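One structure below.
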There are 2 protein chains.
Amino acid sequence: MDIQSILLGFLMRNSMTGYDLKKAFSISFAFFSGLSYGSIYPALRKMEKNGLITKQVEIQDGAPNRKVYTITETGRTEFLNSLKSPLSPEQPKSTFLMRLFFFGHLSPQDRKSVAQKHLGAIKQMQAQLQSVQPQVAAHADRFQYLCYEFGLRSLSDLARNLSQVIDALEEEPNVQNQFEKIQT
Amino acid sequence: MDIQSILLGFLMRNSMTGYDLKKAFSISFAFFSGLSYGSIYPALRKMEKNGLITKQVEIQDGAPNRKVYTITETGRTEFLNSLKSPLSPEQPKSTFLMRLFFFGHLSPQDRKSVAQKHLGAIKQMQAQLQSVQPQVAAHADRFQYLCYEFGLRSLSDLARNLSQVIDALEEEPNVQNQFEKIQT
DNA sequence: TCGATCATGTAATTGGTTACATGATTGC
DNA sequence: GCAATCATGTAACCAATTACATGATCGA
């Protein structure tokens, strides 16, 4: 989903300034995307030029004038089409996967350490996401709450998947271990 | 993992040309990353300048001269450090998640259709990945095979997770359904 | 008085992709 | 005779980030 569709999506509900938009998805969208002013303002300008949104300027004293953007009918149609358009296939491009690929170059201890640290980080994210449950429940609509649950499940799936890798690492084809097995 | 570390990782085993490198990860790395010449050649040049690799030129007749790159001791150290460096936290930035966030703007039928099509695409990827199992088993080392299994599990986790969303969509708070429930 | 909030925007940089340019050799 | 493989590279472009620039007002 490109920046344009995301901005349109938020503007479907309310007219907003670029500043408001940034805040809006810093709150509810933070988990999957973080957009900066450097991409928002140019995008808004382009969308206005293309007739997807209109601008009303509110003159202000101290601060720069507020530019409130409102979605047009064209914009609404465009957004709804983009929502129904085929999803690009998602690649499981995990940062961990690339490391694992080269794990043969690390010592068994280093492998375990890297993997375990990563698992720790994931569990921390999980805990953090769980802790915001009340806020999400209070503000999200039904589908946004499904998003939240989907995200939580993704994280626990990832944790489980990683744990299985760690288990496999433990079963190191290790001379010492084999010896011990015979001994006991 | 940046392009530099990936290239170094492949050069750890063999000296190679840019062309070889592209082939190497078109085969084994395809699942998580696709790099183009437009990024490989400049990267190699930069790495040579930084002393991570050295170049031997093999004069050729027809084709452009082969430039075989070999990793240096500095390069090896750099690579091993990057392998042990902390992993950047991975965001579950799913293309589907962003759609779901705005599902309130679609009709129940459109929602189900979008979600189900996506599930279909994922199952297809799964089948395709399963079908290359023999080739992977033949060429991958132990850790690369763990990668493969990790990837497969990620896909089935994703499929299961999506199915749960679809189930939740079925339980549409729908007047018709409620009426039917009372009737039966 | 100091930091946060409101509010806009640009410039430099990053990290890539795609398309273009060249051209011999080998196998079908 | 035509496509694929070998082999290099550049130029244009894209989508985004980060840092910079400006400046008032309000609450602790």
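Numbered from 1 within each chain, the chains take letters A, B, ... in sequence-line order. Since the model is a prediction, treat every value here as computed from it, not as a measurement.
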Which whole-number value in Å describes the distance from [X] [atom1] to [N] [atom2]?
| X | N | atom1 | atom2 | value |
| --- | --- | --- | --- | --- |
| A:M1 | D:dA15 | CE | P | 16 Å |
| A:I6 | D:dA16 | CD1 | C1' | 12 Å |
| B:D20 | D:dC6 | CG | P | 8 Å |

> So, do B:R45 and B:K55 sit near enough that their side-chain heavy atoms are less than 4.5 Å apart?
Replying inline: no

>> Less than 4.5 Å apart, side chain to side chain, heavy atoms only: is that true for A:Y41 and A:K67?
In response: no

> Between A:D157 and A:S154, is any side-chain donor less than 3.5 angstrom from a side-chain acceptor?
Replying inline: no

> Can A:Q133 and A:Y145 be counted as having a side-chain donor-acceptor contact under 3.5 angstrom?
Replying inline: yes

>> Closest-nucleotide mapping onto DNA chain D: is A:S36 or B:Y69 further toward the 5' terminus? I mean the 5' end.
In response: B:Y69

> Closest nucleotide of DNA chain D for B:N65 versus for A:L35: which of these residues is on the 5' side?
Replying inline: B:N65

> With a non-hydrogen cut-off below 4.0 angstrom, is B:K23 in contact with a base, only sugar-phosphate, or nothing?
Replying inline: sugar-phosphate

> Charged N to carboxylate O under 4.0 angstrom, B:R66 versus B:D20?
Replying inline: yes

> Can the ring centroids of A:F143 and B:F102 be said to lie less than 6.0 angstrom from one another?
Replying inline: no

>> For B:D2 and A:T17, find the nucleotide of DNA chain C closest to each by heavy atoms; which residue's nucleotide sits nearer the 5' end?
In response: A:T17

> For DNA chain C, which nucleotides open and close the run of contacts to chain B, 5' to 3', at under 4.0 angstrom from a non-hydrogen atom?
Replying inline: C:dG16 to C:dA24

